[in-house]
Number of protein chains: 2
Amino acid sequence: MGMTIQEASRKSGLSAHTLRYYERIGLIHAVDRNMNGHRSYTEPDLSWLDFLTRLRSTGMPIADMCRYAELRRQGPETFATRRRLLEVHRERVRAQISQLTGDLEVLDHKIDFYNAQENE
Amino acid sequence: MGMTIQEASRKSGLSAHTLRYYERIGLIHAVDRNMNGHRSYTEPDLSWLDFLTRLRSTGMPIADMCRYAELRRQGPETFATRRRLLEVHRERVRAQISQLTGDLEVLDHKIDFYNAQENE
DNA sequence: GTTTGACTTCGAGTGCGCTCTAAGGCGCAA
DNA sequence: TTGCGCCTTAGAGCGCACTCGAAGTCAAAC
């Protein structure tokens, strides 16, 4: 029924090493095991991994992700706390995008400059 | 005339340690020295540092920046190579922005979800 | 004249996020 | 029954980009 760590790795884009590491540090809570002690990942596990990957790719530090994961484990009464945490993070993501957008413009100008020099 | 490492640090946003480090690894070429051997940064040095900071903040690895700095030192005959290098990098930056934009949307939905739960 | 403080060099240390290694278990195929 | 392949664990190692420490120089302040 569940999937092996290799399948979870393929679907999540995280290495098997990383999946075990995430579990060890508490980002993922005790994945199910099958008869021979092998991990068995469920669809909800995968969705959670995908969300974690979003947090990571937006630059959230692992420690903050652990904090969020801990809140999630505590259930619905932490909804408001989680929301605030994400709102703060969202601001950082917006700032990142606007920084990158500015940087991109500088790159554009530099490339234009080189093009102008080459065509003269 | 030039500015001290502290002034350069303040203006560039990089620590004095980092400025020396960048020089050591060849990102900045032999900054001028005053009578007592202290570094003396010029305006062109600062502009270069600002550009380097753009490359860094867009995620270019130090090694690639060194390569670019080396090409720059070789003069105008490397314009085309530098342009191509920046064009490749620009694509990565665009990809980053689009990734972040997608991530931001996921965050928005999650926050909306929490808001909905709280208001029920 | 000595103390302060900003600078110098070089090499070592740090923090982060993995990433890998070693040693071992289990189930199946030849 | 021996090998293969995938899994397990705990802990060590790595790559990157700094960041810091130690030891020393020098100019100005007291």
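Convention: sequence-line order gives letters A, B, ...; per-chain numbering from 1. The model shown is predicted, which means the values in this text are computed figures rather than measured ones.
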(request) Let me know the distance between CZ of Arg33(B) and P of dA6(C), rounded to the nearest Å. (result) 18 Å

Sequence neighbours left out, cut at 3.5 Å: what donor-acceptor pairs do the side chains of residues 59-70 of chain A make with other protein atoms?
residue	atom	partner	partner atom	Å
Tyr68(A)	OH	Tyr114(B)	OH	2.5
Glu70(A)	OE1	Arg73(A)	NH1	2.8
Glu70(A)	OE2	Gln74(A)	NE2	3.0

(request) Report yes if a side-chain nitrogen or oxygen of Gln6(B) is closer than 4.0 Å to either non-bridging phosphate oxygen (OP1 or OP2) of dC7(C); otherwise report no. (result) yes

(message) Restricting to salt bridge (charged side-chain N to carboxylate O under 4.0 Å, His left out), what partner residues turn up for Glu43(A), sequence neighbours left out?
(response) Lys11(A)

(request) Mind checking salt bridge (charged side-chain N to carboxylate O under 4.0 Å, His left out) for Glu87(B) and listing every partner two or more places apart, or none if nothing turns up? (result) Arg83(B)

(request) Using a 4.0 Å heavy-atom cut-off, write out nucleotides 12-30 of chain D from 5' to 3' as B (base contacted by protein), S (sugar-phosphate only) or - (no contact). (result) -----BBBB------S---

(message) Restricting to side chain to side chain contact (heavy atoms under 4.5 Å, CB included), what partner residues turn up for Asn34(B), sequence neighbours left out?
(response) Asn36(B), His38(B)

(message) Expressed as a whole number of angstroms, how long is the span from Asp64(A):CG to dG17(C):P?
(response) 9 Å

(message) Tell me the bend of the helix from dG1(C)-dC30(D) to dA30(C)-dT1(D) as the angle between end helix axes, each from five pairs, rounded to the nearest 10 degrees.
(response) 30°

(message) Run Ser98(B) and Thr101(B) through side chain to side chain donor-acceptor pair (under 3.5 Å) and show every step you take.
(response) CA-CA 5 Å; Ser98(B) 103; Thr101(B) 304; over 6 Å; no

(request) Decide yes or no for Phe113(A) and Gln117(A): does some side-chain heavy atom of the first lie under 4.5 Å from some side-chain heavy atom of the second? (result) yes

(request) Mind checking side-chain hydrogen bond (donor to acceptor under 3.5 Å, both in side chains) for Ser47(A) and listing every partner two or more places apart, or none if nothing turns up? (result) none

(request) Tell me which residues in residues 42-53 of chain B put a heavy atom below 4.0 Å from DNA chain C, sorted by number, or none. (result) none

(request) Measure from CD1 on Ile25(B) to C1' on dT9(C) and round the result to the nearest Å. (result) 16 Å

(request) Would you please name every residue forming a side chain to side chain contact (heavy atoms under 4.5 Å, CB included) with Arg94(A), sequence neighbours left out? (result) Arg90(A), Glu91(A), Leu104(B), Asp108(B)

Would you give me the side-chain donor-acceptor pairs under 3.5 Å for residues 21-31 of chain A, sequence neighbours excluded?
residue	atom	partner	partner atom	Å
Glu23(A)	OE1	Arg39(A)	NE	2.6
Glu23(A)	OE2	Val31(A)	N	3.3

(request) Establish, with yes or no, whether the OP1 or OP2 oxygen of dT8(C) is under 4.0 angstrom from a side-chain nitrogen or oxygen of Arg39(B). (result) yes

(request) Using the test side chain to side chain contact (heavy atoms under 4.5 Å, CB included), find all partners of Ser57(B) that sit at least two apart in sequence or belong to another chain. (result) Gln99(A), Asp103(A)

(request) Would you kindly give the CG-to-C1' distance between Leu19(B) and dT9(C), to the nearest whole Å? (result) 16 Å

(message) How many whole angstroms separate atom CE of Met35(A) from atom C1' of dC28(C)?
(response) 13 Å

(request) With sequence neighbours left out, write down each residue that passes side chain to side chain contact (heavy atoms under 4.5 Å, CB included) with Thr53(B), or none if nothing qualifies. (result) Leu14(B)

